[in-house]
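Take a look at the structure set out below.
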There are 2 protein chains.
Amino acid sequence: MTNRYRIGDLATRLAVPTQTIRYYEHEGLLPKPARTEGNYRVYGIAERERLTFILHCRALDMTLDEIRHLLRLRDVPGQGCAEVNSVLDAHIGHVAERIRLLNDLQLQLKDLRARCESPSTSKDCGILQGLASFPTAQDGGASRAGVHGRRAQE
Amino acid sequence: MTNRYRIGDLATRLAVPTQTIRYYEHEGLLPKPARTEGNYRVYGIAERERLTFILHCRALDMTLDEIRHLLRLRDVPGQGCAEVNSVLDAHIGHVAERIRLLNDLQLQLKDLRARCESPSTSKDCGILQGLASFPTAQDGGASRAGVHGRRAQE
DNA sequence: AGAAACTTTATAGTAGCTTTAAGGTCAAGC
DNA sequence: GCTTGACCTTAAAGCTACTATAAAGTTTCT
């Protein structure tokens, strides 16, 4: 049977660092597991499935708070799932908004880039001048769209 | 003349918190300014312009490292600006990649959402089941697109 | 003179981990 | 029996780009 795992087994199987598993436990997303005599964590099928659920949610870029919310709903199987829908709809809304912001940003960046097609000295560089004089993003600016994700440049 | 500012003046004019200005100084993006007798920071036109440059870059969602790089290039006016172009092109690439990832993510989320159009109990909810069994984002997954930006939900 | 409004530094908190340190456990090999 | 190495343990610091708080000093207004 393969339904008893130590933390490293679980980590390898689900391709997640062991520290992250401990972190999820610390954050209350995973329950405190049983321990061996030597104080090693022991996980079963239920925990493996719960962690899979969490990882899928993270792959969909939900926050730990959103995931906590879904896990609570999952833990009460009798409830209606209208609330599940609303968590997901809210998240879809976040993503849509983010895409909109990034598209705006991309337009601005390409506009800026077009100011220096012919290389000159940086003193006269249209890009550097553009960055120094560009209208301030007082309102309607890019407003921190979050381009630089951890795994984005792999 | 309005070319001598204390930190609060500068902050108000450029709509940035004073702490952020000190932080940029701490991070070496702004030089250590002159001080009054009472040890207050004093800024002139050059610093104001430099801060404006930084804020525009941030509005375009560049990292402080990218900005540091551009500032260095800006500080050596005789250099060619091919490198400016390449910093900007790299950043445009980051944004494009992020948009692509988020579009993928949006597709997955909508697919998931479609599993529960008719509300049932959460035990049978297609969404929760989907999240538990969805193919793991082993490769080609959403890979942390960063949806939840600081100012995104304002 | 005294209060309000500004400034100073230092420190901690945010999200979601990753990294490091300093050590304990366990199976295999000599 | 003892060591080596792979695994595990906890706690704490580091990452980005700030934001918030505390405790104190300075300047300005009345």
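Proteins come first, then strands; the chains are lettered A, B, ... in the order of their sequence lines, and each starts at number 1.
With A:L109 as reference, A:L105 is the one residue of A:L105, A:L107, A:D111 to meet the side-chain contact (heavy atoms from CB on, under 4.5 Å) rule. Of the candidates A:L29, A:L30, A:L64, A:L29 is the only one forming a side-chain contact (heavy atoms from CB on, under 4.5 Å) with A:L71.
Following rounding to the nearest Å, B:R22 (CZ) and D:dC18 (C1') show an atom-to-atom distance of 13 Å. Between the CG atom of A:L51 and the C1' atom of C:dG16 there is a distance of 15 Å, given to the nearest Å. In this structure, A:E25 places its CD atom 18 Å from P of C:dG16, rounding to the nearest Å. Atom P of nucleotide D:dT27 and atom OH of B:Y5 are separated by 21 Å, given to the nearest angstrom. Between the CD1 atom of B:I54 and the P atom of D:dC18 there is a distance of 10 Å, given to the nearest Å. Here the P atom of nucleotide D:dT10 and the NE2 atom of A:H26 are 11 Å apart, to the nearest Å. Atom OH of A:Y23 is separated from atom P of D:dT10 by 16 Å (rounded to the nearest Å). In this entry the distance linking CG of A:L30 with C1' of C:dC17 reads 14 Å, nearest Å.
Between the CD atom in A:Q19 and the CD1 atom in A:I7 there is a gap of 8.5 Å [rounded to 0.5 Å].
With D:dA17, C:dT8, C:dT18 as the candidates, the nucleotide lying closest to the side chain of B:I7 is C:dT8.
Using a 4.0 Å cut-off on heavy atoms, the residues of residues 32-42 of chain B that approach DNA chain D are B:G38, B:Y40, listed by number.
Here B:E25 pairs with B:R41 under the salt bridge (Lys or Arg N to Asp or Glu O under 4.0 Å) rule; sequence neighbours left out. For A:R6, there are no side chain to side chain donor-acceptor pair (under 3.5 Å) partners two or more places apart in sequence or in a different chain.
By the criterion of side-chain heavy atoms lying less than 4.5 angstrom apart, applied directly or through intervening Ile, Leu, Val, Met, Phe, Trp or Tyr residues, A:L70 is grouped together with A:I92 in one hydrophobic cluster.
The residue among B:R6 and B:Q19 whose nearest nucleotide of DNA chain D is located toward the 5' end is B:Q19.
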